[in-house]
Amino acid sequence: MDDLFPETRERLSLSSGAVLLGGFAQAEAQALLHAVELITQQAPFRHYRVVGGGRMAAAMTACGEYGWVSDEQGYRYVRTDPLTGRPWPALPSLFLALAGRAAQAAGYAGFVPQCGLINRYAPGAGMGPHQDRDEHTMEAPVVSVSLGLSALFQWGGARRQDACRKVPLHHGDVVVWGGPSRSHFHGVLPVRSAQSGTGLGCRYNLTFRVVD
DNA sequence: AAGTCACG
DNA sequence: ACCA
């Protein structure tokens, strides 16, 4: 388990099935950011609408077999980027390797994501508590990778009204939630601008999922 | 409401 | 509460 994350700084049990892994190598973070740059050249960041008409504060794009979109038909996964009309950019092997490694370290072997969502949080942007329930299967875990500015992750329970625990997430942290925690509510408090060692002016979050 | 705003 |  531990040898899969040799750079791990800390390991924090969140609840049944959810794990926070801390700190992969800086060189790997730079490679991940470079991959993000290449993806966003093909599938630009955009702001989706939430049900009800509001605008999501986080800018989003995706890579892999499926991408998450929000449109007049609701929240769903599609194989074609509605913005470009082209398939989503391929999941870089670096993403596949990191996601598989993190999932295995958290106790979920054989994780092969079909979707890599990329969320960009400018200072002030956050995401309210919600469940990830648009995937057709909930068997596989969600793997979440934090890059750039730090943020407070809100980790809730199975019900919206359950208390949320605030977990600081920093550049290089990975959160994995599966099993009973797969459908737990979670969100991100508005990101605050700060001088971080990364020099990045925003937070990037990569989330990896199996869709069907 | 995966958002925003008003009001106590 | 709002009423997409």
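In what follows, chains are A, B, ... by sequence order, proteins preceding strands, each numbered from 1. Only this structure's heavy atoms are used, side chains among them; waters, hydrogens and symmetry mates stay out.
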With sequence neighbours left out, write down each residue that passes side-chain contact (heavy atoms from CB on, under 4.5 Å) with [X], or none if nothing qualifies.
X      : answer
T84(A) : P44(A), D81(A), R86(A)
E65(A) : R79(A), Q114(A)
H47(A) : R55(A), A59(A)

Distance, P atom - from dT4(B) to dG8(B), rounded to whole angstrom: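 Pairwise P distance, dG8(B) against dT4(B), rounds to 23 Å.
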Looking only at atom P, what distance separates dG3(B) and dC7(B), rounded to whole Å?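 Straight-line distance between the two P atoms is 22 Å.
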Below 6.0 angstrom between ring centroids: does that apply to W177(A) and F153(A)?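 Yes, the ring centres sit under 6.0 Å apart.
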Non-neighbouring partners of [X] that pass salt bridge (charged side-chain N to carboxylate O under 4.0 Å, His left out), sequence neighbours left out:
X       : answer
R76(A)  : D71(A)
R49(A)  : none
R182(A) : E135(A)

Are there runs of at least three consecutive Watson-Crick or G-U pairs touching DNA chain B, with each pair's two distances under 3.5 angstrom? Give them by first number.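 Listed by first number, the stems come to none.
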Can you name the atoms? Protein N/O to nucleotides 2-4 of chain C N/O, anything below 3.5 Å, with the distance.
none

Taking only residues two or more places apart in sequence or in another chain, which ones pass ring pair (Phe, Tyr, Trp, His ring centres under 6.0 Å) with [X]?
X      : answer
W88(A) : none
Y75(A) : W68(A)
Y66(A) : none

Does the protein touch nucleotides 2-8 of chain B at the base, only the backbone, or not at all? Give it as B, S and - per nucleotide, heavy atoms under 4.0 Å. BSS----
